[in-house]
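Worksheet: one structure, shown below.
Just so it is clear, the values below take in all heavy atoms, side chains as well, and ignore hydrogens, waters and symmetry mates. In the text below, chain A, chain B and the rest are named by the order of the sequence lines, each starting its count at 1.
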Amino acid sequence: MDSGRISVGDFPGGLDLQATIESGQTYLWWRPDGETYAEPAPSGGDAWYATTHETDDGQLRPLRVRQRGSALEWEAPFDAAPVLERRLRLTDDLPAIRAASADDPVVERAYDAFWGMRLVEEPVFPTLVTFICSAQMRVERIFRMQMALRRELGPAVTVDGTTYHGYPSPTTVAATSEAELRDLGLGYRAPYVRETARMVAEGEVDPGAARSQSYETARDFLTQFVGVGDKVADCVCLFALDHLEAVPLDTWIRKAIAAFYPDCDHGNYADTSRAIRDRLGGDVAGYAQTYLFHYLRHADEEPAALA
DNA sequence: TAGATACCTTATAG
DNA sequence: ACTATAAGGTATC
């Protein structure tokens with residue numbers, strides 16, 4: 001495997017790798033040491049994370065990274081630097097984004113708590129399936145469901161004696177029975193995932209087409225997949241399709257709205273979404289949302305008590 | 001069109 | 001122990 005290191009200090013705002021990967025935006029990385037998402041990492045935050053990446057030649061390759069201070073170290077059988085730059089959004093200007101975010105005590109505390117956390121830009125089909133799976137699920141279990149999908153259905157690639165499983169293709173997922181998907185722990189989401197995979201596999205709808213659409217059009221477009229409502233569509237927009245203005249209205253951001261921004265609650269998704277987006281940061285509101293989500297989920301007290 | 005309810009399964013609160 | 005409730009919601013009526 002080749003290796004290299006990226007000096008994260010070269011990117012304004014730096015990087016907090018653990019927060020970026022373990023903040024519930026992506027479930028496509030795992031820890032080779034066998035630990036699941038830990039809070040905080042017992043290693044002190046410098047654990048290795050592994051994933052796979054489909055390189056430009058269409059081949060599945062493994063990729064490992066860890067952060068030691070200002071160095072982001074990687075190991076992969078290809079030049080992983082450009083891939084990491086994109087998937088971890090290293091070129092996002094964090095200080096500028098923070099400056100454009102709500103000038104608000106809670107948002108400031110969230111930025112302070114996890115400064116260096118970045119949004120991710122992950123492949124769209126795995127992200128789509130992941131967030132269909134996320135309905136009524138805890139973060140830890142969403143992670144386990146994606147591990148099971150990779151382990152049981154994903155293509156394997158072995159390098160230096162270690163086997164890595166990539167995310168299963170739409171065709172593979174569509175060809176897997178509902179019962180089998182239920183056995184992987186998907187529950188009632190199994191038929192949703194299967195039907196969505198079929199739509200993608202047969203070319204009926206291309207989720208990637210939402211990338212070039214305007215944000216709200218993209219969100220509506222994505223809801224034609226089964227199991228995808230406004231919230232899941234927003235997650236796909238934000239974590240896979242470069243729509244940084246998306247603010248997924250999950251239970252945590254809804255609690256935050258009730259506690260801190262009650263005037264943003266317009267009783268329906270579209271209007272509430274627009275109001276909280278304007279409040280949090282407009283075209284980069286998704287950043288403030290993700291910091292808030294991660295901060296509130298790890299806070300000792302309920303949002304209402306923090307007001 | 002807005003509101004209520006069922007839904008797999010697990011972890012945690014009481 | 002044992003039940004109720006909630007977990008990054010969506011589909012259906």
Side-chain angles (χ1 to χ4, degrees), chain A residues 19-28 36-39 110 114 117 119-120 122 126-149 176-199 205 207 219-240 243 246-259 265-273 276-277 280 285-305:
Chain A
T20 301
I21 289 182
E22 299 192 6
S23 51
Q25 314 174 54
T26 174
Y27 297 83
L28 304 178
T36 54
Y37 289 0
E39 0 178 312
F114 297 104
M117 180 172 74
L119 284 172
V120 296
E122 294 285 49
T127 303
L128 184 60
V129 173
T130 294
F131 285 93
I132 292 173
C133 290
S134 77
Q136 296 293 100
M137 271 304 130
R138 294 163 199 269
V139 164
E140 293 76 11
R141 262 199 78 200
I142 301 166
F143 177 76
R144 285 204 298 276
M145 291 159 78
Q146 307 318 305
M147 280 292 276
L149 281 168
T176 304
S177 71
E178 179 184 327
E180 238 176 304
L181 292 172
R182 282 178 184 265
D183 285 344
L184 298 181
L186 302 203
Y188 65 80
R189 304 153 197 80
Y192 300 165
V193 165
R194 189 166 189 264
E195 174 62 7
T196 288
R198 186 201 61 75
M199 293 167 75
V205 186
R219 188 181 68 201
D220 289 345
F221 176 82
L222 291 170
T223 61
Q224 66 190 300
F225 290 107
V226 182
V228 179
D230 289 326
K231 187 272 177 183
V232 169
D234 264 336
C235 290
V236 177
C237 281
L238 185 59
F239 305 138
H243 289 294
V247 178
L249 300 185
D250 57 69
T251 72
W252 288 98
I253 210 72
R254 286 178 186 278
K255 283 184 188 178
I257 290 170
D265 183 0
H266 289 239
N268 65 79
Y269 195 99
D271 292 337
T272 304
S273 169
I276 193 67
R277 187 192 328 152
L280 288 182
Y287 254 100
Q289 186 275 351
T290 298
Y291 270 91
L292 262 184
F293 173 85
H294 196 48
Y295 175 69
L296 295 176
R297 214 174 68 79
H298 288 267
D300 293 327
E301 302 183 88
E302 285 292 303

Which nucleotide wins on minimum distance to the side chain of Arg144(A), given the candidates dA7(C), dG8(C), dT10(B)?
dT10(B)
Touch check for Gln25(A), heavy atoms < 4.0 angstrom, all strands: base, sugar-phosphate only, or nothing?
base
Taking the C1' atom in each of dA2(B) and dG8(C), what is the distance between them to the nearest angstrom?
24 Å
Same-atom distance (P) from dA6(C) to dA6(B), integer angstrom:
15 Å
So, taking the atom named CG in Asp230(A) and the one named CG in Asp220(A), what distance separates them when rounded to the nearest 0.5 Å?
7.0 Å
Whole angstrom is fine here: how far is it from CZ in Arg219(A) over to P in dG9(C)?
16 Å
Between dA11(B) atom P and Ile142(A) atom CD1, what is the distance in whole Å?
14 Å
How many whole angstroms separate atom CG of Leu249(A) from atom P of dG8(C)?
15 Å
Nearest to the side chain of Val226(A) - dA11(C), dC8(B), dG8(C)?
dA11(C)
Checking dG8(C), dC8(B), dG9(C) against the side chain of Thr251(A) (C-beta onward), the nearest is dG9(C)
For dG3(B) and dA7(C), measure between their C1' atoms and round to the nearest Å.
22 Å
P spacing across the pair dA11(C) / dT10(B), given as an integer number of angstrom:
23 Å
Integer-rounded Å distance: dC7(B) C1' and Tyr188(A) OH
6 Å
Whether the side chain of Tyr269(A) and the base of dG9(C) hold a donor-acceptor pair under 3.5 Å is what I'd like checked.
no
Of the listed dT9(B), dG9(C), dG8(C), the closest approach to the Trp252(A) side chain comes from dG8(C)
Whole-Å distance separating the CZ atom of Phe225(A) from the C1' atom of dG9(C)
18 Å
When Thr223(A) and Cys235(A) are each assigned the nearest nucleotide of DNA chain C, the 5'-most assignment goes to Cys235(A)
Give the nucleotide from the list dT9(B), dG8(C), dG9(C) with an atom nearest to the side chain of Arg141(A).
dT9(B)
Does a salt bridge link Glu140(A) with Arg144(A), judged by any charged N lying under 4.0 Å from a carboxylate O?
no
From the set dG8(C), dC7(B), dT10(C), return the single nucleotide nearest to any side-chain atom of Arg138(A).
dG8(C)
dA7(C) phosphate, OP1 or OP2: any side-chain N/O from Lys231(A) under 4.0 angstrom?
no
Measure from the side-chain heavy atoms of Val139(A) and tell me the nearest of dC8(B), dG8(C), dT10(C).
dG8(C)
Take the protein atom CG of Asn268(A) and the nucleotide atom P of dG3(B), then report the distance between them rounded to whole Å.
9 Å
Nearest of dC8(B), dT10(C), dT10(B) to any side-chain atom of Tyr192(A)?
dT10(C)
Per atom distances to the Arg189(A) side chain, the nearest of dG9(C), dC8(B), dG8(C) is dC8(B)
What is the minimum heavy-atom distance between Arg219(A) and Ala233(A), and which atoms define it?
O-CB, 3.5 Å
